Amino acid sequence: MLQLNEQECWQMSEGVTRIITASVDDLRHTVFEVLNGIAPFDCGVSYVVKNTPEAKYCLEPMAYKNADVVPSVHTLLKAAELAHKSSAYNSLEWQKKSLIFRDSDMFNKAFFTQTEIGRMVHTELGMSYACKIFLVHDEILVGKFWLLRRAERGDFGEKELFRLRLLEPMVTRAMYKYHPQNEEGRRAKKILTETFGLTDRERQITALICRGMSNKQIADKLICAEATVKKHITAISKKMDVSSRSEIFHRCVMENAVQNFI
């Protein structure tokens, strides 16, 4: 039976504290740092997932910046697209509880040589082993973390999986707290959509304005031009009948529609 020694218990407790106290801006980076301490990896990838009745969409791609291999945003978006082409991988996204697994336990060797996502991970990124973490709360897939390793580091061990599974409930709750489809997010969406007629993108930008982000910071986060952000803000201001960013924030506060999501 797997157990934690005193030092491992202390490390896990410290990791939990860091995760549950992390801000929305630092959460996923903090999760990566904690995960790297208990199951070291050479490349870390994360997505926030949008859930619809028909599909799961990987948004907000992020690579752990302190890893040996840091893929570009373009590569991360491509990886998510290729993963969705695999029916075997897709089926795992519809599980109604969190899931932590090694690719070597779920897929045969053909997956790595005959699927586009397998070839990308192994050839383009140079990784031979992967551990995937799917975080589910109230049947919502709130996010995913991919931990990847080179061949020389070896596959993820049973003790590492054990520790990841112990940590998972705290990571899931922290991710759900800042997920746009949590209870608070759904309420804000209803208000901003029905009261002001904002589109999905306008609601997203409104939330980032409420977090105090500049136009450039918003553009960088949404991977678009700053001029595009300005056009959206103009449209938001018109729909809300206000004339400044501060008035957009004030209107959201007054309508109880301030969103604080990843």
Side-chain angles (χ1 to χ4, degrees), residues 19 27-28 31-32 35 39 41 43-63 71 73 75-122 125 127 129-148 155-156 158 160-187 189-190 200 203-204 259 261-262:
I19 289 169
L27 176 58
R28 283 194 289 168
V31 170
F32 270 131
L35 295 181
F41 51 88
C43 178
V45 176
S46 172
Y47 302 94
V48 176
V49 180
K50 177 181 178 181
N51 297 256
T52 72
E54 299 80 23
K56 309 287 186 179
Y57 298 96
C58 290
L59 309 174
E60 302 292 335
M62 173 185 175
V73 170
T75 298
L76 298 183
L77 291 172
K78 179 182 176 184
E81 180 182 349
L82 294 179
H84 278 288
K85 291 183 178 181
S86 165
S87 58
Y89 184 89
N90 256 339
S91 65
L92 297 173
E93 295 184 327
W94 293 93
Q95 301 297 310
K96 295 184 178 181
K97 61 181 180 180
S98 295
L99 187 64
I100 298 175
F101 62 93
R102 295 175 292 201
D103 279 3
S104 56
D105 291 332
M106 302 297 289
F107 309 119
N108 58 32
K109 292 183 179 180
F111 178 84
F112 305 109
T113 59
Q114 298 177 16
T115 64
E116 292 181 277
I117 182 60
R119 290 194 294 268
M120 179 185 185
V121 170
H122 285 257
L125 297 181
M127 301 293 148
Y129 301 102
C131 177
K132 306 288 178 57
I133 304 173
F134 289 10
L135 306 171
V136 177
H137 185 88
D138 286 347
E139 299 187 7
I140 295 176
L141 179 58
V142 297
K144 298 192 291 188
F145 285 84
W146 297 4
L147 311 181
L148 308 173
D155 204 352
F156 292 85
E158 293 297 333
E160 291 172 318
L161 294 179
F162 173 67
R163 297 175 72 186
L164 290 174
R165 288 176 178 134
L166 288 177
L167 189 66
E168 173 273 315
M170 280 64 74
V171 179
T172 298
R173 284 197 288 270
M175 289 287 288
Y176 181 73
K177 178 182 178 182
Y178 296 126
H179 193 274
Q181 290 179 299
N182 63 19
E183 185 176 348
E184 180 181 337
R186 293 194 297 269
R187 183 177 63 249
K189 176 181 178 179
K190 181 179 176 66
D200 285 349
R203 285 189 292 101
Q204 192 174 23
Q259 295 175 279
F261 56 74
I262 297 174

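Bear in mind that the values here come from a model prediction, so they are computed numbers and not experimental data.
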> Are Glu160 and Leu147 close enough, and set up right, to give a side-chain contact (heavy atoms from CB on, under 4.5 Å), and what steps lead you there?
Replying inline: CA-CA 12 Å; Glu160 291 172 318; Leu147 311 181; over 6 Å; no

Please round to the nearest 0.5 Å and tell me the distance separating atom [atom1] of [X] and atom [atom2] of [Y].
X	Y	atom1	atom2	value
Ser46	Leu135	OG	CG	8.0 Å
Ile140	Met175	CD1	CE	12.5 Å
Thr115	Phe107	OG1	CZ	8.5 Å
Leu141	Tyr176	CG	OH	13.0 Å
Arg165	Ile133	CZ	CD1	10.0 Å
Ile100	Phe162	CD1	CZ	11.5 Å

> Should the heavy atoms of other residues, nucleotides or ligands under 6.0 Å from NZ of Lys56 be counted, would the total exceed 12?
Replying inline: yes

Are any of the side-chain heavy atoms of [X] and [Y] separated by less than 4.5 Å?
X	Y	result
Lys132	Met106	no
Asn182	His137	no
Arg173	Met170	yes
Val48	Arg28	yes
Phe101	Leu92	yes
Val49	Phe134	no
Val136	Lys96	no

Applying salt bridge (Lys or Arg N to Asp or Glu O under 4.0 Å), name anything that partners [X], two or more places apart in sequence or on another chain.
X	result
Lys189	none
Glu93	Lys144
Glu139	none
Asp155	none

>> Show every salt bridge (charged side-chain N to carboxylate O under 4.0 Å, His left out) that has at least one partner inside residues 175-186, sequence neighbours left out.
In response: none

>> Less than 4.0 angstrom from a charged side-chain N to a carboxylate O is my criterion; do Arg102 and Glu158 meet it?
In response: yes

>> Assess the residue pair Val31 and Leu167 against the criterion (side-chain contact (heavy atoms from CB on, under 4.5 Å)); give the C-alpha distance rounded to whole Å, side-chain angles, the decisive distance to 0.1 Å, and a yes or no.
In response: CA-CA 10 Å; Val31 170; Leu167 189 66; over 6 Å; no

>> Using the rule given for side-chain contact (heavy atoms from CB on, under 4.5 Å), can you reason through Phe145 versus Phe32, listing the C-alpha separation, both sets of side-chain angles and the distance that settles it, and then say yes or no?
In response: CA-CA 8 Å; Phe145 285 84; Phe32 270 131; 3.6 Å; yes

>> Going by the rule side-chain hydrogen bond (donor to acceptor under 3.5 Å, both in side chains), which residues pair with Arg163 if we only count those two or more places apart in sequence or in a different chain?
In response: Gln11

> Does any N or O in the side chain of Glu168 come within less than 3.5 Å of the main-chain N or O of Ser98, such that one atom is a donor and the other an acceptor?
Replying inline: no

>> For Tyr47 together with Trp146, are the ring centres under 6.0 Å from each other?
In response: yes

> Hey, mind stepping through Lys50 and Asp200 against side-chain contact (heavy atoms from CB on, under 4.5 Å) and telling me if it holds?
Replying inline: CA-CA 12 Å; Lys50 177 181 178 181; Asp200 285 349; 3.7 Å; yes

